[in-house]
Structures are given as structure tokens and as C-alpha cells.
Amino acid sequence: MRPVILTGSANVPLAEAVARRLAVTLMPRTLERFPDGEAHVEVQRSVGGDDVYLIQPTGPPADGNLLELLLLADACRRDGARRLTAVVPYLGYARQDRRTRGREAIGARLIADMLHVGRFERMVAVDLHSPSLEGFFEMPVEPLTAVPLLAEALRPFAGEQSVIVAPDLGAAKLADRYGRLLGCPVAVVHKTRLTGTEVSVQGVTGDVRGRRTLVVDDMISTGATIEAAVRALGAAGAAPGSTVAATHGLFCGSALERLAAAGVEQLIVTDSLPVRPRSSLPIQVVPIDGLLASVIDRLHADRSAMDLLASS
Ligand code: R5P
């Protein structure tokens, strides 16, 4: 029996591409809003006894996409699905993994609990904001990585005079991985977040003078982090123009415009989230449908997905 692929509204093209790879058709479903704003979902064919993979990134609007995922899971359970796997290419709330100021919620932990209530057997995620998030979940998590795919897309931009740059300390290990894959040295920008849309930079560690900078991060949201990093690299004497690679491109508000104004020349992101059709910047999109199809194929056959995971 083939796996069943079901999706909400968060990234239908990605789910379609995964289904094509697996030579199955997407499970038909309806998603609607009642007049009072409540979401209503219905799976249109029986999934009784099936191994169901629910593909839904929980990017903007994070709350609505999360609820859709949980409602679809509930519909499948009630219809007797044998096994349910949440395939969440981008996990919203992942950055809320600790209290930084005081009387805050730890959103990532709450989301993990909500997915547990959704009675998924397992979750698949791609480049989780922090590897330790895996431990928040009661269910097994398959933390995939798109870094090797993105590194290959970056390779044509990586020359002898290139340097991989982590735009903050949190991205230092990530930059190190790219550095090893591309044979480039690594530099780190020291950043402090001021608000949701503003950051400040204290300095740059590493040799960037005269070098072409390849900035890497797990995600771009408002663009504040990359903007500040690129400006700081310019001030530190780096060659003008940066190439930026990140797994998840949220591009909230005027992110793309602020990145272009700061001197970013090329963006490379995956299609974990729907890609903006129009952009003021060249964006290369690296597809991850093959990665997701591979992990689904293995999980469906009860085989290990170890070689696709972030730690490998
Ligand atoms: C921070 O820890 C993340 O890795 C990203 O650097 C950050 O969340 C990106 O957000 P923004 O684009 O709004 O600066």
C-alpha cells in the first residue's frame, strides 16, 4: 500500500511535488472558513488503515496553519488512519525556545505539546531553528537538513576569496558546516536583537577584508539580521555585494527591499515556504521535494532516515 499524502493550504505546490515524486496523487480535502471565522476541514476519501503524511509548514499565518494541521490530523484519526506523520518543513514558533526577558511564554514548547495532542506518531522537520528543539517533542522527530542542497547552490558563488559568514553567534555552527562543505573560511558577526524588526551589530570576528561574503542563516524573516550583517561586513572592508543562503525565506513586510538596499545581490532559499512570485532581488529557489519524498519513502517502509538528518 502506498503512503497517503495530505496537505493543508500552507504550501500546496511543495506537497504536490512530493506526491509526484512518490507517484501518488494528493488526498483530496476541503478547507473552508465558517462565517464566524472558524476553520473547517474535511478529508474527502477514506484514510482508514493508511499511513498518512500531512505536509504543512507552519509559517505565516503561523496560528492558522498550525490549527489546519491539527484539524486535518484529527479528521484522519477519526477516519481510522493507521499512522500519522507531521511533515513540517518550517516550524513556526521555533525561535521561542527560551525566556529571554522574563515573563514570556516558551512558544516552541507549547507547539510541541499541541502536536502531541494531535496524536502524530512522528514529526519530520527541516533545519529546525535549534537542534535542541527535538527534545521538546514527546514523539520522535526526524530533523532533516537542506544545508548540502543549499551549499551546492552556493558553490558557483564560492571562490578563493570567499568567506562564509554567520550573521549572529547562533548561526556559527551552521556557517562552519557550509565552510567545510565549500572549503571556505568562516567569519562571525556579533549581533544583539533590539526588537522584532531591529538588531544591532557589535563587530565581526574573522578575516573579511577584500573578501566576497556568503552569508548563511536558518531563516530570513524581517531581514533585519542579514541587513545589519551585510552593512557591518561592508564597514569591515568586505568586497561589495553579498550572496545570502537560508533554508526558510519568510520575507515579512519589506524584507526584500531592505536586503537589496543593504547590498545583497543574490538570495538562495528552499521552497519550505511558498515562494514570493515577484521580488526586487534575484531569488534562487532550491527544491526540497526530493528530500521530503526520500524521508517519507523510508519511514513508510519502516527504514531509517539517519543519513538525511541534520547531524549526519
Ligand atoms: C535568529 O536567531 C535566526 O537565526 C535568524 O537570524 C533571525 O530569526 C532572522 O530574523 P530577521 O530576518 O527578522 O532578522
Side-chain angles (χ1 to χ4, degrees), residues 57 59-60 62 90-98 100-101 104 107-108 126-131 133 145-147 150-151 154 157 163-179 186-206 208 211-236 238 240-270 272-273 275-276 279-284 286:
Y90 167 77
L91 180 70
Y93 286 89
R95 289 181 292 176
Q96 296 187 40
D97 56 355
R98 62 189 188 284
T100 53
R101 286 199 299 269
E104 300 163 86
V126 182
D127 288 329
L128 279 171
H129 177 60
S130 116
L133 278 171
T145 182
V147 168
L150 288 165
L154 264 179
F157 301 93
V163 58
I164 304 287
V165 179
D168 58 23
L169 278 172
K173 278 196 170 167
L174 181 71
D176 200 52
R177 284 201 68 201
Y178 278 99
V186 171
V188 179
V189 175
H190 297 262
K191 163 195 114 175
T192 305
R193 182 165 287 284
L194 305 174
T195 66
T197 54
E198 296 299 328
V199 303
S200 75
V201 167
Q202 287 74 51
V204 178
T205 304
V208 298
R211 287 181 178 269
R212 163 110 201 137
T213 52
L214 310 177
V215 185
V216 297
D217 209 347
D218 62 322
M219 60 183 284
I220 302 171
S221 179
T222 66
T225 300
I226 301 291
E227 178 194 19
V230 170
R231 290 194 193 282
L233 291 167
S242 284
T243 301
V244 176
T247 305
H248 311 293
L250 284 80
F251 303 128
C252 301
S254 55
L256 290 166
E257 289 70 25
R258 69 194 288 189
L259 294 179
V264 174
E265 285 179 347
Q266 172 77 46
L267 281 170
I268 304 173
V269 293
T270 75
S272 64
L273 292 163
V275 183
R276 287 246 185 128
S279 153
S280 47
L281 262 177
I283 306 183
Q284 183 180 343
V286 174

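Throughout, numbering of the chain's residues begins at 1 and tracks the sequence. No experiment lies behind these values; they were computed from the predicted model shown.
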Exercise for the section: Could you tell me which non-hydrogen atom of P240 sits nearest to which non-hydrogen atom of R212, and how far apart they are? Expected result: O-NH1, 3.9 Å

Handout entry: For T213 against A238, the heavy-atom pair lying closest together
Key = CG2-CB, 3.7 Å

Exercise for the section: For residues H190 and T205, determine if any side-chain heavy atom of one lies less than 4.5 Å from a side-chain heavy atom of the other. Expected result: yes

Problem - Within-4.5 Å side-chain heavy-atom neighbours: T145 and R177 - result: yes

Problem - Closest approach of V208 to A187 (non-hydrogen atoms, all atoms of both residues) - result: CG1-CB, 3.6 Å

Completion exercise
Separation between CG (L150) and CG (D127), nearest 0.5 Å, reads 7.5 Å

Problem - Non-hydrogen atoms of A146 and T270 that approach each other most closely - result: CB-CG2, 3.8 Å

Problem - Reported CZ-to-CZ distance for the pair F251 and R258, which is rounded to 0.5 angstrom - result: 13.0 Å

Exercise for the section: Before giving the answer on side-chain contact (heavy atoms from CB on, under 4.5 Å), spell out for L233 and V165 the whole-Å C-alpha distance, their side-chain angles and the decisive distance to 0.1 Å. Expected result: CA-CA 9 Å; L233 291 167; V165 179; 3.9 Å; yes

Practice task
Drop me the distance from L281's CG to Q266's CD, to the nearest 0.5 angstrom.
Solution key: 8.5 Å

Exercise for the section: Decide yes or no for P57 and H248: does some side-chain heavy atom of the first lie under 4.5 Å from some side-chain heavy atom of the second? Expected result: no

Practice task
Rounded to the nearest 0.5 Å, what's the gap from CG on L133 to CD on Q96? Could you check?
Solution key: 11.0 Å

Exercise for the section: Looking only at non-hydrogen atoms, find the nearest pair between T222 and G196 and report the distance. Expected result: CG2-O, 3.7 Å

Exercise for the section: State, with a plain yes or no, whether a side-chain heavy atom of V126 is found less than 4.5 Å away from one of T247. Expected result: yes

Exercise for the section: Give the minimum heavy-atom separation between A175 and A166, together with the two atoms involved. Expected result: CB-CB, 3.7 Å

Practice task
Please round to the nearest 0.5 Å and tell me the distance separating atom CG of D218 and atom CZ of R95.
Solution key: 8.0 Å

Exercise for the section: Let me know which of L250, L267, T225 forms a side-chain contact (heavy atoms from CB on, under 4.5 Å) with I220. Expected result: L267

Problem - Residue pair V269 / V275, side-chain heavy-atom distance below 4.5 Å - result: no

Handout entry: Modelled atom types, side-chain donor and acceptor of S200 and E198, under 3.5 Å
Key = no

Practice task
May I ask you to test the L256-S279 pair for a side-chain heavy-atom distance under 4.5 Å?
Solution key: yes

Problem - Within-4.5 Å side-chain heavy-atom neighbours: Q284 and F157 - result: yes

Handout entry: Candidate list L154, D176, V147, test side-chain contact (heavy atoms from CB on, under 4.5 Å), partner V216, passing option
Key = L154

Problem - Note, K191 side chain near L169 side chain (heavy atom, < 4.5 Å) - result: no

